[in-house]
Amino acid sequence: MDATAQVQLLKENVEIFLPDNALEEKLALAEKENRKLIIKLGFDPTAPDLHLGHAVVLKKLRQFQELGHTIVIIIGDFTARIGDPTGKNKSRPPLSSEQVKVNAQTYVNQLSKILDVSKCVIRYNSEWLGAMDMTAAISLLSQVTLAQIMQRTDFNNRFTSGLPISLHELVYPLLQGFDSSVIHADIEMGGTDQLFNCSMGRQMQESAGSTGQAVVCMPLLRGIDGSAKMSKSEGNIVGLTDHPNEMFGKIMSIPDALLPEYLHLTTDFSKSEKQELLDRLQQGENPMNIKKLVGLNVVTQYHSTDEAQQAQDFFQNQFQNKRFDEKEFITVSLVTLGLGISENLRLIDLCKGLKPEESRSNLKKLIEAGSVTVNGLKVTYAQSSLEPSSFPVKVRIGKRGFFEVLS
RNA sequence: GGGGAGAUUCCAGAGUGGCCAAAUGGGACGGACUGUAACUCCGUUAGCGUAAGCUUUCGAAGGUUCGAAUCCUUCUCUCCCCA
């Protein structure tokens, strides 16, 4: 691939380059010094569940990796004790070192779905941050002013709206920046929400007398509910390890308005394929069709073509087909639910057995609201009893709970 | 260090002795409609009980009272102003 083609590929979907011609500059540098670039990606081991939002960044990293550049993953085990304040207004509980190890391992496993982990360098930042003494720490702190730190939107918002900001949170960007300095990063990747932290790294490197890293930020993928950002705490994620059926279903449930964004950021389609699908949307084709194609594509990336196809079939049968009998049910027996078959097994008790995580009060409300059907018929009285002779019985609870109960 | 304000159910935010499991809005969930989209409408939103009702909940711990989210004491945390 020639240089221009490389740049074009690497620029696709990127939202922010800092400085503007960062990429060209760094690539030229690599060429001149006859070496590959060091690309940094930081990871906070408090939240090891990767989702499609992370994948946007990881896919870009893969492109760099495929061009031979070195990916350095920083496991922020030290900084996890502080907690990245990005978008947060509450402090997080500290993690034990065992928990950090477990999380790091899960994280790396998930990374391998996208990156060739064997070619990545993995470093823990406690290695240098933990060893730092007070003199070095103070000297680090002296490199940045309060006004600079307060430029960060998040701190600014919290400050102006009277919310607490602890001092240790202010230090977080510096430590993350110091990481860049230690590993001599050429480029730091992240979502646009990491812009501040990443540019701090650039500054730290420069004040340490070396060349500052370039910052490459990918757009933030919005959550499946259409809210600003996909994040676990919002409960709007598509996890990379989600079951194919679930993954497909989640894609189908995104608002139509999000479809172009998902098409661009989450799929593997080529530029021309993407354009073709966008054209079809524009021409008024039912967005559902395009959404299915996106769903198929995404599930294929993280599972397989077959599983993606099966997921689509499942979806069509389970949710689009109106015939109750033809749906798939999870088979359970009364015995495994710990329920004996008796003269008067009440519906509420059966539901509690099937959905133990729901409270009885809540299940009762669901039944009364008409969300429970027995053999396809709504039953709205929680105390209804089920005759022993009526088993096996098919019970649906809410949109997604399909059970066939054997006696 | 001194002075002031505040902490309410998932979130925001009312409530200043009984009518408070706590207004209202948001979110979430469920129902109708549908393409598990959007829009719209309706319902639910502490737990347990078939029910009457009972239990726990308004930063924490004590106290006053027949009765406390509301009053008092101590404590914890936060914000603002002055130094």
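Proteins get letters first, then strands, A, B, ... in listed order; numbering begins at 1 in each. The structure displayed is predicted, hence computed values, not measured ones.
In this structure, B:rG6 and B:rC77 make a Watson-Crick or G-U wobble pair, each of the two defining distances being under 3.5 angstrom. Nucleotide B:rG27 has B:rU45 as its partner under the Watson-Crick or G-U criteria, with both atom distances under 3.5 Å. Across all strands shown, B:rA32 pairs with B:rU40; the Watson-Crick or G-U wobble distances both stay below 3.5 Å. When Watson-Crick and G-U wobble pairs are counted only if both distances are under 3.5 Å, B:rA51 pairs with no nucleotide at all. When Watson-Crick and G-U wobble pairs are counted only if both distances are under 3.5 Å, B:rU56 pairs with no nucleotide at all.
Checking the phosphate oxygens (OP1, OP2) of B:rC48, a side-chain nitrogen or oxygen of A:Ser359 falls inside 4.0 Å. For the pair A:Arg346 and B:rU50, the criterion of a side-chain N or O lying under 4.0 Å from OP1 or OP2 is met.
The residue A:Lys292 sits apart from the nucleic acid: no heavy atom pair falls under 4.0 Å.
Distance A:Glu368 CD to B:rG43 C1': 11 Å, rounded to the nearest Å. When the C1' atom of B:rU55 is taken as reference, atom CZ of A:Arg360 falls 16 Å away, rounded to whole Å. The separation between A:Glu358 atom CD and B:rA46 atom C1' is 14 Å, rounded to whole Å. In this structure, the CD atom of A:Glu234 is 17 Å from the P atom of B:rG26, given to the nearest Å. Here B:rA37 presents its P atom at 15 Å from CG of A:Asn289, a figure rounded to the nearest Å. A:Glu261 has its CD atom 15 Å from the C1' atom of B:rA37, to the nearest Å.
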Just distance, no hydrogens or angles: give the donor-acceptor pairs under 3.5 Å from side chains in residues 244-256 of chain A, sequence neighbours left out.
unit_1: A:Lys250; atom_1: NZ; unit_2: A:Ile237; atom_2: O; d: 3.1
unit_1: A:Lys250; atom_1: NZ; unit_2: A:Asp242; atom_2: OD2; d: 2.7
unit_1: A:Ser253; atom_1: OG; unit_2: A:Lys250; atom_2: O; d: 2.9
unit_1: A:Asp256; atom_1: OD1; unit_2: A:Lys291; atom_2: NZ; d: 2.9

Only pairs under 3.5 Å count here: list side-chain donor-acceptor contacts from residues 208-222 of chain A, not counting sequence neighbours, and write none if there are none.
unit_1: A:Ser210; atom_1: OG; unit_2: A:Gln205; atom_2: O; d: 3.1
unit_1: A:Gln213; atom_1: OE1; unit_2: A:Ser180; atom_2: OG; d: 2.9
unit_1: A:Gln213; atom_1: NE2; unit_2: A:Ser180; atom_2: OG; d: 3.3
unit_1: A:Gln213; atom_1: NE2; unit_2: A:Glu188; atom_2: OE1; d: 2.9
unit_1: A:Gln213; atom_1: NE2; unit_2: A:Cys198; atom_2: O; d: 2.8
unit_1: A:Arg222; atom_1: NE; unit_2: A:Glu261; atom_2: OE1; d: 2.9
unit_1: A:Arg222; atom_1: NH2; unit_2: A:Glu261; atom_2: OE1; d: 3.0

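Closest approach of A:Thr241 and A:Lys113 over heavy atoms only: CG2-CE, 3.9 Å.
The same atom, P, is picked in B:rA37 and in B:rA32; the two are 12 Å apart, to the nearest Å. With both ends at atom C1', the span from B:rG26 to B:rC19 equals 27 Å, rounded to whole Å. Nucleotides B:rC82 and B:rU73 have their P atoms positioned 29 Å apart, rounded to a whole Å. Taking the C1' atoms as reference points, B:rA83 lies 36 Å from B:rU70, given to the whole Å. B:rU8 and B:rG59 are spaced 6 Å apart, taking the P atom of each and rounding to whole Å. Here the separation of B:rA22 from B:rC58, taken at their C1' atoms, is 8 Å to the nearest Å. With C1' as the reference atom, B:rU55 and B:rU64 are 24 Å apart, rounded to whole Å. The P atoms of B:rU56 and B:rA69 are separated by 12 Å, rounded to the nearest whole Å.
Every side-chain contact (heavy atoms from CB on, under 4.5 Å) that A:Asp49 has, sequence neighbours left out, goes to A:Lys232. Shown here are the side-chain hydrogen bond (donor to acceptor under 3.5 Å, both in side chains) partners of A:Lys26, two or more places apart in sequence or in another chain: there are none. With sequence neighbours excluded, the residues forming a salt bridge (charged side-chain N to carboxylate O under 4.0 Å, His left out) with A:Glu276 are A:Arg280, listed by chain and number.
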Detail all sub-3.5 Å separations between protein N/O atoms and N/O atoms belonging to nucleotides 29-36 of chain B.
unit_1: B:rG31; atom_1: O4'; unit_2: A:Ala369; atom_2: O; d: 3.4
unit_1: B:rG31; atom_1: O3'; unit_2: A:Lys378; atom_2: NZ; d: 3.0
unit_1: B:rA32; atom_1: OP1; unit_2: A:Lys378; atom_2: NZ; d: 3.3
unit_1: B:rG35; atom_1: O6; unit_2: A:Asp256; atom_2: OD2; d: 3.4
unit_1: B:rG35; atom_1: N1; unit_2: A:Asp256; atom_2: OD1; d: 3.3
unit_1: B:rG35; atom_1: N1; unit_2: A:Asp256; atom_2: OD2; d: 2.8
unit_1: B:rG35; atom_1: N2; unit_2: A:Asp256; atom_2: OD1; d: 2.7
unit_1: B:rG35; atom_1: N2; unit_2: A:Lys291; atom_2: NZ; d: 2.8
unit_1: B:rU36; atom_1: OP1; unit_2: A:Gln320; atom_2: NE2; d: 2.8
unit_1: B:rU36; atom_1: OP2; unit_2: A:Phe319; atom_2: O; d: 3.1

Using atom names, set out every protein N or O paired with an N or O of nucleotides 4-7 of chain B below 3.5 Å, distance rounded to 0.1 Å.
none

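Of the two residues contacting RNA chain B, namely A:Pro255 and A:Asp225, the nearest-nucleotide position lying further toward the 5' end is that of A:Asp225.
Each salt bridge (charged side-chain N to carboxylate O under 4.0 Å, His left out) pair with one or both residues in residues 263-274 of chain A, not counting sequence neighbours, appears once here: A:Glu12-A:Lys274, A:Lys59-A:Asp268. Within the structure, the salt bridge (charged side-chain N to carboxylate O under 4.0 Å, His left out) test picks out the following pairs touching residues 298-325 of chain A (sequence neighbours left out): A:Arg323-A:Glu326. Among pairs with a residue in residues 196-208 of chain A, those fulfilling salt bridge (charged side-chain N to carboxylate O under 4.0 Å, His left out) read A:Arg202-A:Glu206, at least two apart in sequence or across chains. The stretch residues 127-141 of chain A participates, sequence neighbours left out, in these salt bridge (charged side-chain N to carboxylate O under 4.0 Å, His left out) pairs: A:Arg123-A:Glu127.
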Contact pattern, 5' to 3', of nucleotides 76-83 of chain B - B, S or - by protein heavy atom under 4.0 Å: --SS----
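Taking the six-membered ring for Trp and the full ring otherwise, A:Phe155 and A:Phe159 have centroids separated by 6.0 Å or more. In this structure, A:Phe196 has its ring center at least 6.0 angstrom away from the ring center of A:Tyr172.
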A:Ser270/A:Ser272 under side-chain hydrogen bond (donor to acceptor under 3.5 Å, both in side chains): CA gap, chis, key distance, verdict: CA-CA 5 Å; A:Ser270 72; A:Ser272 57; 3.2 Å; yes
